[in-house]
Amino acid sequence: QVKLVESGGGLVQTGGSLRLSCVGSGHSSVIYTRAWFRQHPGKERELVASISYGGGSTYYADSVKGRFTISRDNAKKTMFLSMNSLTPEDTAVYFCAADPYSGLKGGAANYHYWGQGTQVTVST
């Protein structure tokens, strides 16, 4: 059983930064592909960034490339998302996800384990 818990969301002004964390439980979660998704009100969950179990490969959505950085510390079973130059369009609920089989570009349907989500709000 894998449990994921996000933290680090909050309110920030345009141009500001936030760092999200996602702690996983369960030994097997260390070898899983992990990802960050976000969901805007009334829209489907979209892939923001993903990282391979070893951390050597990453994927970013075009909308966040150059501004967000995904990383992981397997010793602490924790994944991070550093978000810089935030804009109001980044306002969403951010979810972390994990799956043993998903590729880096896999959509939400490819992920078996999910956190509860953390709200990120970027004000003008």
Side-chain angles (χ1 to χ4, degrees):
Q1 185 70 18
V2 175
K3 183 178 180 181
L4 303 172
V5 179
E6 305 99 335
S7 63
L11 174 64
V12 65
Q13 291 185 330
T14 296
S17 300
L18 282 175
R19 191 190 194 204
L20 305 183
S21 300
C22 173
V23 180
S25 63
H27 176 74
S28 57
S29 68
V30 172
I31 63 172
Y32 288 1
T33 299
R34 296 178 76 170
W36 288 98
F37 285 77
R38 67 186 181 187
Q39 190 165 21
H40 297 97
K43 295 191 176 182
E44 294 185 355
R45 206 165 289 189
E46 64 176 4
L47 177 63
V48 174
S50 58
I51 187 166
S52 60
Y53 75 90
S57 298
T58 58
Y59 168 82
Y60 295 94
D62 288 342
S63 59
V64 306
K65 204 171 292 183
R67 300 187 299 122
F68 291 11
T69 302
I70 190 171
S71 60
R72 65 191 294 171
D73 182 342
N74 285 340
K76 298 181 179 179
K77 299 180 182 179
T78 303
M79 176 177 67
F80 305 97
L81 185 67
S82 296
M83 306 185 293
N84 298 314
S85 302
L86 286 163
T87 73
E89 288 69 35
D90 296 313
T91 295
V93 179
Y94 284 72
F95 298 88
C96 69
D99 193 87
Y101 304 115
S102 179
L104 290 179
K105 297 181 180 180
N110 291 46
Y111 284 84
H112 190 73
Y113 300 103
W114 292 88
Q116 80 287 354
T118 185
Q119 176 70 45
V120 171
T121 302
V122 184
S123 64
T124 57

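Values reported hereafter were calculated over all heavy atoms of this structure, with side chains retained and with hydrogens, waters and symmetry mates removed.
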Lys43: what forms a salt bridge (charged side-chain N to carboxylate O under 4.0 Å, His left out) with it, not counting sequence neighbours?
-> none

Same cluster or not: are Val120 and Leu4 linked, directly or through other Ile, Leu, Val, Met, Phe, Trp or Tyr residues, by side-chain heavy atoms under 4.5 angstrom apart?
-> no

Closest heavy-atom pair and its distance - Ile70, Tyr60 = N-OH, 2.8 Å

Output the distance between atom OH (Tyr59) and atom OG (Ser50), rounded to the nearest 0.5 Å.
-> 7.5 Å

Sorted by chain and residue number, the ring-ring contact (aromatic ring centres under 6.0 Å, His included) partners of Tyr94 (sequence neighbours excluded) come out as none

Mind listing the closest non-hydrogen atom pair of Tyr111 and Gly106 along with its distance?
-> CE1-O, 3.6 Å

How far apart are the closest heavy atoms of Arg34 and Gly24, and which atoms are they?
-> NH2-N, 3.6 Å

In Å and rounded to the nearest 0.5 Å, what is the CD to SG distance from Gln116 to Cys22?
-> 8.5 Å

Short question: side chain of Ser25, backbone of Lys3 - any donor-acceptor pair under 3.5 Å?
-> yes

Phe95 ring centre to Arg45 NZ or CZ under 6.0 Å, with the angle to the axis within 45°?
-> yes

Would you say the side-chain atoms of Thr91 and Glu89 include a donor-acceptor pair closer than 3.5 Å?
-> no

If you round to the nearest 0.5 Å, how far is CG of Asn74 from OH of Tyr32?
-> 13.0 Å

Treat each ILVMFWY residue as a node, draw an edge where side-chain heavy atoms are under 4.5 Å apart, and state whether Val93 and Phe37 are in one component.
-> yes

ILVMFWY cluster, Leu47 and Leu104 together (side-chain gap under 4.5 Å) = yes

Rounded distance [0.5 Å steps], OG in Ser63 versus CG in Asp90 | 7.5 Å

What is the minimum heavy-atom distance between Thr78 and Lys76, and which atoms define it?
-> OG1-O, 2.8 Å

For Ala92 and Arg38, the nearest pair of non-hydrogen atoms, with its separation, is CB-CB, 3.9 Å

Determine, using the 4.5 Å side-chain heavy-atom cutoff (strictly less than), whether Met83 and Trp36 are members of one ILVMFWY cluster.
-> yes

Do Leu20 and Ile51 sit in the same hydrophobic cluster, where Ile, Leu, Val, Met, Phe, Trp and Tyr count as joined when their side-chain heavy atoms come under 4.5 Å apart?
-> yes

For Asp99, salt bridge (charged side-chain N to carboxylate O under 4.0 Å, His left out) partners two or more places apart = none

Should side-chain heavy atoms under 4.5 Å link Ile, Leu, Val, Met, Phe, Trp and Tyr, which residues sit in the same cluster as Val5?
-> none

Check the surroundings of atom NE2 in His40: do more than 12 heavy atoms from other residues, nucleotides or ligands lie under 6.0 Å from it?
-> yes

Return yes if some donor-acceptor pair links the side-chain N/O of Arg67 with the main-chain N/O of Ser85 below 3.5 Å, else return no.
-> yes

Between the main-chain N or O of Ser102 and the side-chain N or O of Thr33, is there a donor-acceptor pair closer than 3.5 Å?
-> yes

When the side chains of residues 11-19 are checked against the rest of the protein, which donor-acceptor pairs come out under 3.5 Å, sequence neighbours left out?
| unit_1 | atom_1 | unit_2 | atom_2 | d |
| --- | --- | --- | --- | --- |
| Thr14 | OG1 | Ser123 | O | 2.7 |
| Ser17 | OG | Asn84 | OD1 | 2.8 |

Under 4.5 Å between side-chain heavy atoms, chaining through other members, with only Ile, Leu, Val, Met, Phe, Trp and Tyr counted: pull out the rest of the cluster around Val23, sorted by chain and number.
-> none

Looking at Glu6 and Cys96, what are the two nearest heavy atoms and their distance?
-> OE2-N, 2.8 Å

Stepwise side chain to side chain contact (heavy atoms under 4.5 Å, CB included) test for Asn110 and Tyr101 | CA-CA 8 Å; Asn110 291 46; Tyr101 304 115; over 6 Å; no

